[in-house]
Protein chains: 2
Amino acid sequence: MGKRPAGGRRAHILAAAAELFAEHGYRGVTIDDLGRAVGTTGPAVYRHFAGKEALLGQVLVDISVRLSEQGEELLARAEDPDHALDLLLRGHIAFSLDEPALITVHDRELGNLTPQDRARVRRLQRGYVEQWVGVLADLRPEEPRNALRASVHAVFGLLNSTPHSRGTVRRDAMARLLFAMGRSALTAGREAPGQNDT
Amino acid sequence: MGKRPAGGRRAHILAAAAELFAEHGYRGVTIDDLGRAVGTTGPAVYRHFAGKEALLGQVLVDISVRLSEQGEELLARAEDPDHALDLLLRGHIAFSLDEPALITVHDRELGNLTPQDRARVRRLQRGYVEQWVGVLADLRPEEPRNALRASVHAVFGLLNSTPHSRGTVRRDAMARLLFAMGRSALTAGREAPGQNDT
DNA sequence: GAGGGGTGTTAACCGTCACTAACATCGGTG
DNA sequence: CACCGATGTTAGTGACGGTTAACACCCCTC
């Protein structure tokens with residue numbers, strides 16, 4: 001068959017896996033599906049990954065790393081808590097609009113990981129959430145920390161809803177909509193500086 | 001073994017199935033798991049349901065019916081759009097706090113249904129969404145309908161996030177938090193559509 | 001108290017699927 | 001050109017799991 005000199009075989013498999021896992025679920029995708037998706041056969045996948053679990057692990061770890069690193073970079077560049085929140089919102093929205101498959105897999109397949117991978121992904125996720133909680137704590141010091149954490153999870157649910165309303169609204173309009181809703185939800189019950197209120 | 005003339009065997013299986021499907025996913029639950037969860041063995045389940053798919057179908061149809069009927073009842077009793085939105089929010093929040101397993105299964109397992117069941121559940125879901133969209137359209141007539149639909153999906157994501165932050169916040173506090181966030185998200189941008197872009 | 005419907009049990013069947021074995025090909029390198 | 005490591009192919013193999021078969025029991029009714 002056409003030999004690909006591309007060193008990107010591994011990355012290609014990872015991308016296809018994310019897409020297929022998002023659509024059919026980890027359990028609903030076979031190794032043969034995976035191979036077929038990248039133009040080879042099932043067993044060829046084992047030349048690049050130890051097995052199906054390792055593959056899912058890599059997908060989830062990559063996502064978690066990307067999100068938490070992006071969060072760190074954004075926070076480093078933020079001038080104040082209000083600005084930081086804006087950046088986090090925009091960053092997360094861009095990610096969920098550009099990579100709906102990754103977002104879907106990210107919060108559905110945690111249970112199918114090995115204990116080691118699960119622990120690692122959980123740690124990264126927790127770190128990312130705490131970045132948001134830290135910013136919110138600056139903005140709303142009167143609020144207990146666990147309430148802030150619940151708020152962050154809720155806003156993630158909101159921002160990650162894009163796979164459910166695919167294709168009906170243009171990307172930039174969707175980004176604006178999610179930003180306005182997310183920002184408003186997180187500042188509910190208090191005044192948002194520079195923003196108009198109800 | 002203890003023969004209960006209770007006609008509740010079927011309902012018992014449905015409840016256990018919802019719980020197990022929520023925790024492990026449809027594909028991650030075996031018929032034997034199901035039987036064991038209700039104190040019998042796997043094959044006994046076939047006395048009550050035609051098969052695993054039929055079982056999942058019943059679970060999802062029940063949820064969709066409950067939500068859309070609840071929505072209709074609330075709308076019938078609402079005095080004005082603003083009140084209607086309050087009622088819908090409170091109703092959905094109560095459901096998602098009281099039945100986290102059902103909420104989880106509801107938006108994860110659609111893909112595992114038979115085409116017939118899937119069509120039926122989709123129709124019910126669409127109806128429920130349109131109840132919300134109708135109310136929002138009264139409140140924000142200037143907004144295009146597809147943007148309102150996207151907003152509704154986003155708020156569902158927010159309200160359905162409770163399974164992700166289980167047990168950290170007391171139920172009534174969580175209900176208030178979700179109500180404030182959801183209400184605020186849905187009325188966001190009511191008078192300021194001009195926002196900067198990504 | 002005989003019969004029957006409803007419900008449960010254990011054993012078997014059979015397809016699917018992750019994974020392995022054994023063998024081919026090819027490009028680069030000495 | 002011979003070797004070799006990387007990568008691919010086709011044929012198993014063994015476990016798992018949904019479903020069915022065959023049989024047992026209990027309660028209800030005539």
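Proteins come first, then strands; the chains are lettered A, B, ... in the order of their sequence lines, and each starts at number 1.
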Nucleotide N/O of nucleotides 21-23 of chain D paired with protein N/O under 3.5 Å:
none

Below 3.5 Å is the cut-off: list the nitrogen or oxygen pairs between protein and nucleotides 15-18 of chain C, distance only.
{"from": "C:dA18", "atom 1": "OP1", "to": "A:Val29", "atom 2": "O", "distance (Å)": "3.2"}
{"from": "C:dA18", "atom 1": "OP1", "to": "A:Lys52", "atom 2": "NZ", "distance (Å)": "2.9"}
{"from": "C:dA18", "atom 1": "OP2", "to": "A:Ile31", "atom 2": "N", "distance (Å)": "2.7"}

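Projected onto DNA chain D by closest heavy-atom contact, B:Gly42 and A:Gly42 fall at different nucleotides, the more 5' of which corresponds to A:Gly42.
Between the CZ atom of A:Phe49 and the P atom of D:dA6 there is a distance of 16 Å, rounded to whole Å. Atom pair A:Ile13:CD1 and D:dG8:P shows a separation of 7 Å (rounding to whole Å applied). With rounding to whole Å, A:Arg36 atom CZ is found 12 Å from D:dT10 atom P. One atom, CG of B:Leu56, and another, P of D:dG18, lie 13 Å apart when rounded to the nearest Å.
Using a 4.5 Å heavy-atom threshold, the side chains of B:Leu56 and B:Val105 count as touching. Inter-residue side-chain proximity for A:Leu158 and A:Met181 is flagged as met; some heavy-atom pair is nearer than 4.5 Å.
The ring-ring contact (aromatic ring centres under 6.0 Å, His included) contacts involving residues 136-174 of chain B comprise B:His92-B:Phe156, B:Tyr128-B:Phe156, B:Trp132-B:Phe156, where partners must be two or more places apart or lie in separate chains. Among residues at least two apart or in separate chains, there is no ring-ring contact (aromatic ring centres under 6.0 Å, His included) pair with a member in residues 95-114 of chain A. The ring-ring contact (aromatic ring centres under 6.0 Å, His included) pairs that include a residue from residues 31-73 of chain B number zero, where partners must be two or more places apart or lie in different chains. For the side-chain hydrogen bond (donor to acceptor under 3.5 Å, both in side chains) condition, the pairs that include at least one residue of residues 28-38 of chain B, sequence neighbours left out, are B:Thr30-B:Asp33, B:Asp33-B:Arg36.
Regarding contacts with the backbone of C:dG6, every side-chain N or O of B:His48 stays at 4.0 angstrom or more from both OP1 and OP2. Regarding contacts with the backbone of D:dG8, a side-chain N or O of A:Arg9 is found under 4.0 angstrom from either OP1 or OP2. Applying the 4.0 Å criterion to OP1 and OP2 of D:dT9, one finds that A:Thr41 has a side-chain N or O inside that range.
Residues passing the salt bridge (Lys or Arg N to Asp or Glu O under 4.0 Å) test with A:Asp80, sequence neighbours excluded: none. Partners of A:Asp138 by salt bridge (Lys or Arg N to Asp or Glu O under 4.0 Å), not counting sequence neighbours: none found. Applying the ring-ring contact (aromatic ring centres under 6.0 Å, His included) test to B:Phe21 and every residue at least two apart in sequence or in another chain returns B:Tyr26.
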